[in-house]
> 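What follows is a structure written as structure tokens; I'll ask about it next.
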Amino acid sequence: MTDLQSKYNLKSPGVKRLMREALELAEPTEEYHACPLEDNLFEWHFTVRGPQGTEFDGGLYHGRILLPTQYPMQPPNIILLTPNGRFEVNKKICLSISGYHPESWQPSWSIRTALLALIAFMPTPAAGTVGSLDYTPEERKVLARRSRNFECNSCGPVANKLAEDKGNRLGGDILTAEESSLLKQISLKGEEETNRLQDKGENVVTASVRPVECKDSGEAAETEIRQRLVPTETVEEEPVCVERQDSILRTSIQRSNR
Amino acid sequence: MSEKFELSGEQTHQEGQINQDELILQQQRQIQQEISESTPLVGELESISSLNAEYSSDEVYLQKIKDLASKYKFVRRTRPDGNCFFRGFSYGYIEKLLSNKDEFKTFYTLAENSKSSLVELGFPQFTVEDFYDTFMEVLKRISDMPTLEESKRELHQLFNEQGYSDYMVVYLRLLTSGQLQREKDFYSCFIEGDRTVIDFCHQEVEPMYKESDHIHIMAACSAMNTGVRVVYMDRGNNKQVTEHDLPEGSTPYVHLLYRPGHYDILYPN
């Protein structure tokens, strides 16, 4: 934090805001933790606990938050790094109001809102939206178990990133009424590159809720997006050390890692 | 699951991701720069006849500009980024208040008390506080200047700093949303379709860059306890500009020029 303080213009309201959020989130809770990278206030890493009573229960999911220079006027992008079977990894997902376009981000939302929304949104159906995966509950449970061993290049093992789970998570008391009603409305979806590029400067927004497509064309489109995101594809060439009996999962994981 | 697998996946990702991030950022910057370079967030005072240049061969508009010039001395342009009503209105209002210390003081007290009423309505305290603090900081910095001229210069400078300027817009959007929600029975009649007032606030008032309509203006004025005269100038057939006072029957304190999709600030003769 001290390093960051000398690096950024503290008079800028956006920088002040991120410093405030860093302080607010400094102490890990049972369900989430996030902090800026040591050398970059505009990239944070987070860990969230899979919601109780779902196939993500017991999982710890790690990822990056990329903040635009205009934050909080523009939304943060969330990128999951831990394979989870609900969201593609290494793909930007953003918050919007369900059934509404992605420009509906509100500056009064925060990184905390984004993390709560991510947790709340995990068990919802993928419904063919960009960046979503519809793995079976069994696949997700296996991924949840494995997620505890995840190590991040920047943050190290995720296993002890959160406060101890005492089982009284996300009780109604820690959410304000506003947050609870917000969380019901928020949706998270993968960024649609083309729309996003067109929309950015103009404020005229095209409807961008992706219709549920037939599976074939949907998957084809997703593969293209993944290829564009990861032009240097090396995963398949690397020897992949996954146990034999998990061939189904292996395929799934490869899919989500691409 | 081997760590190696995970790590290689991540490394691959990061290279690709950086390229993609860069491309998006680059394009964003370019578009934003184009808009920024053509219009400052809030411009300098310009004569009404400066509008002629935009309509060189359009008789309907030229006629109306003549009519406008008979009532107004100056226009101050705002950046057309969807926030122009909120930015123009707050700039014009604060600027006008500066010439009357008592009125400024009354407004300052109103602003000071506004945060708790937003929190009572259920807005998240943490972020409301962030916008409120900056809003009050701006009011304080402007009013602390020793002379009127310096106050106006400070106002102009802060409203042209993206960070401060946008924070003013956000807080006014929140105040407007709060007003709509407090008087939702009244405002629900103005909302088309089956959206509730709260949906409308979440979708059309609180997000940045969302353009403003009558309903936003009425609620913003009520929240600030003032009135606005909107002077409409479009290609309609009448030879004069049309004036609307909002809320109806109020005394206009700030004057805005409306051309389809955009508001600028007007200064009466």
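Lettering follows sequence order; numbering is per chain, from 1. Because the structure is predicted, anything quoted here is derived from the model rather than measured.
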> Looking at Glu21(A), Lys16(A), Arg145(A), which one has more heavy-atom pairs under 4.5 Å with chain B than the rest?
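When all of Glu21(A), Lys16(A), Arg145(A) are compared, Glu21(A) has the most.
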
> Chain A heavy atoms under 4.5 Å from Tyr167(B): which part of the residue, side chain, backbone, both or neither?
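Contact with chain A involves both backbone and side-chain atoms of Tyr167(B).
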
> With a 4.5 angstrom heavy-atom cut-off, is it the side chain or the backbone of Glu137(B) that approaches chain A, or both, or neither?
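Just its side chain gets close to chain A.
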
> To check you understand the geometry: which heavy-atom pair defines the closest contact between Ser114(B) and Leu175(B), and what is its length?
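In terms of heavy atoms, the two residues are closest at CB-CD2, 3.5 Å.
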
> With sequence neighbours left out, write down each residue that passes ring pair (Phe, Tyr, Trp, His ring centres under 6.0 Å) with Phe85(B), or none if nothing qualifies.
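Testing Phe85(B) for ring pair (Phe, Tyr, Trp, His ring centres under 6.0 Å), a comparison that skips the adjacent residues, returns Phe89(B), Tyr263(B).
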
> Determine, for Tyr164(B) and Arg141(B), whether the Lys NZ or Arg CZ falls below 6.0 Å from the six-membered ring centre while staying within 45 degrees of the axis.
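Here Arg141(B) passes the 6.0 Å and 45° test against Tyr164(B).
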
> Who pairs with Tyr108(B) by ring pair (Phe, Tyr, Trp, His ring centres under 6.0 Å), at least two apart in sequence or on another chain?
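If we apply the ring pair (Phe, Tyr, Trp, His ring centres under 6.0 Å) test to Tyr108(B), skipping adjacent residues, there are no hits.
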
> For Val170(B), is it the side chain, the backbone, both, or neither that has a heavy atom closer than 4.5 Å to a heavy atom of chain A?
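For Val170(B), the side chain is the part near chain A, not the backbone.
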
> Find the one option among Ser12(A), Pro72(A), Gly14(A) whose heavy-atom pairs under 4.5 Å with chain B are most numerous.
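Among Ser12(A), Pro72(A), Gly14(A), the one with the most close pairs to chain B is Pro72(A).
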
> Can you confirm whether Lys184(B) is buried at NZ, in the sense that more than 12 heavy atoms of other residues, nucleotides or ligands lie under 6.0 Å from that atom?
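Counting neighbours around NZ of Lys184(B), 12 or fewer heavy atoms of other residues, nucleotides or ligands fall under 6.0 Å, so no.
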
